[in-house]
Amino acid sequence: MDFKRSDFPEGFLWGAATSSYQIEGHQFGGAGKTHWDSFAATPGNVVRAENGDRACDHYHRYTDDLDLLKAGGFDAYRFSTSWARVLPEGRGTPNAEGLDFYDRLTDAILERGLKPCATLYHWELPQPLADLGGWRNRDIAGWFGDFTEVIMGRIGDRMFSVAPVNEPWCVAWLSHFLGHHAPGMRDIRAAARAMHHVLLAHGTAIERMRGLGMSNLGAVCNFEWADPADETEAARDAALTYDAIYNRFFLGGMFHKTYPDRVLEGLAQHLPKGWQDDFDTIASPVDWVGINYYTRSLIGPASGPWPALEPVEGPLPKTQMGWEIFSDGLYKFLTRIAQDYTGDLPIYVTENGMASASPFEDQDRIAYLNAHVAKARQAISDGVPLKGYFIWSLLDNYEWSLGYEKRFGLVHVDFETLQRTPKASYEALKLALEE
Ligand code: FCB
């Protein structure tokens with residue numbers, strides 16, 4: 001790598017991130033069905049109709065995986081807790097095996113000197129709650145609060161940090177407006193409700209964890225830089241609307257107790273009654289903010305109703321996902337978010353990385369990380385209180401609707417034998433973190 005640990009301030013945390021459904025193997029240990037199981041079982045939704053039944057079998061191999069983190073010189077591990085593993089019905093009686101698993105996992109993380117950084121929800125909604133309307137149903141805030149208390153009642157005493165929801169934009173917009181993720185809806189009213197309810201659930205979980213006496217609680221959102229596809233006024237306007245939906249809605253709710261006018265223009269009529277009264281919960285104070293950043297989009301106008309925009313193919317080199325590599329976007333977001341929303345609050349890059357088809361000699365991933373870490377350094381020297389950087393992902397894993405084909409891991413996983421093999425990027429990072 002062309003950076004090393006000592007280039008960063010004392011105490012800067014280096015970590016790797018994963019999520020439960022993408023690695024654990026959801027058929028093991030008494031987990032309940034999730035909306036991803038039914039989404040994947042529906043023809044056409046997921047490449048080869050793959051699901052998370054076995055994934056990386058982390059459920060049985062977690063000690064080996066944590067050994068890889070330790071040997072790689074990482075300081076922290078960002079993982080998630082599956083709601084359906086803890087509460088197979090989404091509510092009611094907990095699954096003792098599930099709670100035991102997260103308890104063992106927590107201790108194993110700590111035994112290796114790593115900091116446990118939990119995300120409560122990384123998308124595996126229990127199917128019985130999806131049957132009740134899932135994120136469209138306002139009651140989800142309370143259900144999520146109850147789940148928060150059950151899982152954090154067990155492991156909350158040992159967490160370094162906790163964030164309720166991974167990427168509200170994906171939970172709401174990608175899954176209810178674009179239909180690319182479970183539950184695969186394409187409905188503006190469903191999307192509006194999910195956008196508001198996911199924030200209400202976030203705030204409720206923060207309040208419940210404060211009630212448990214917990215601290216170092218945060219919010220993790222994803223951001224995509226939006227540039228106009230051309231010089232026209234119409235493209236500029238479309239990019240601003242895209243930016244408002246993607247990058248300003250969720251932080252706007254959490255930090256300014258309001259939603260951007262550009263989004264309300266399309267969604268106000270679909271938001272649940274009384275939405276304006278929920279901001280005290282939504283904006284319940286957090287201790288840090290996590291930024292997940294991968295790419296940018298070029299946006300142009302489209303015919304049809306609001307938001308009347310569409311992404312256009314861009315000219316930059318692309319990853320295996322077809323995502324443009326645009327490291328400037330990370331710098332732009334770090335500085336913009338600190339300035340417009342979070343001020344002195346610590347910021348973490350909670351996800352950054354790339355999918356590469358190269359199984360072991362992933363020089364492209366090394367170059368991608370070098371470019372993005374350089375932007376993080378630049379942001380720090382310009383005064384952004386960035387406190388850590390988590391790479392997505394430790395392992396090749398289940399990349400949602402793209403199945404097992406897209407490889408984000410620092411460590412290669414053979415999905416036949418489940419053998420783990422560190423890639424060149426893992427070895428390079430290990431050296432960088434030693435110095
Ligand atoms: C993020 C998700 C993560 C993974 C990466 C590539 O949006 O949080 O689960 O899919 O993208």
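Please read these numbers as outputs of a predicted model, since none were measured by experiment. All ligand and atom numbering here is 1-based and tracks the order in the structure.
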Quick one: ligand 1 N/O to protein N/O pairs below 3.5 Å?
unit_1	atom_1	unit_2	atom_2	d
ligand 1	7 (O)	Glu167	OE1	2.5
ligand 1	7 (O)	Glu167	OE2	3.0
ligand 1	8 (O)	His122	NE2	3.2
ligand 1	8 (O)	Asn166	ND2	2.9
ligand 1	8 (O)	Glu167	OE1	3.3
ligand 1	8 (O)	Glu167	OE2	3.2
ligand 1	8 (O)	Glu351	OE1	3.1
ligand 1	8 (O)	Glu351	OE2	3.0
ligand 1	9 (O)	Gln22	OE1	2.8
ligand 1	9 (O)	Gln22	NE2	3.4
ligand 1	9 (O)	His122	NE2	2.8
ligand 1	9 (O)	Trp400	NE1	3.1
ligand 1	10 (O)	Glu399	OE1	2.8
ligand 1	10 (O)	Glu399	OE2	3.1
ligand 1	10 (O)	Trp400	NE1	3.1

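Considering CZ of Phe408 and CE of Met354, their distance stands at 8.5 Å, rounded to 0.5 Å.
Ring geometry, Trp36 versus Tyr21: the interplanar angle falls from 30° to 60°, so the pair is classed tilted. Aromatic ring pairs are classed by plane angle as parallel below 30°, tilted from 30° to 60° and perpendicular above 60°; the pair Trp306 and Phe177 is perpendicular.
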Checklist entry - Under the salt bridge (Lys or Arg N to Asp or Glu O under 4.0 Å) criterion, do Arg420 and Asp65 qualify, and how do the steps go? => result CA-CA 9 Å; Arg420 278 78 161 139; Asp65 295 336; 2.8 Å; yes
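Within the cation-pi definition used here (under 6.0 Å to the ring centroid, within 45° of the axis), Arg78 does not qualify as a partner of Phe390. At least one cation-pi condition fails for Arg377 and Phe3: the charged atom is not both under 6.0 angstrom from the six-membered ring centre and inside a 45 degree cone around its axis.
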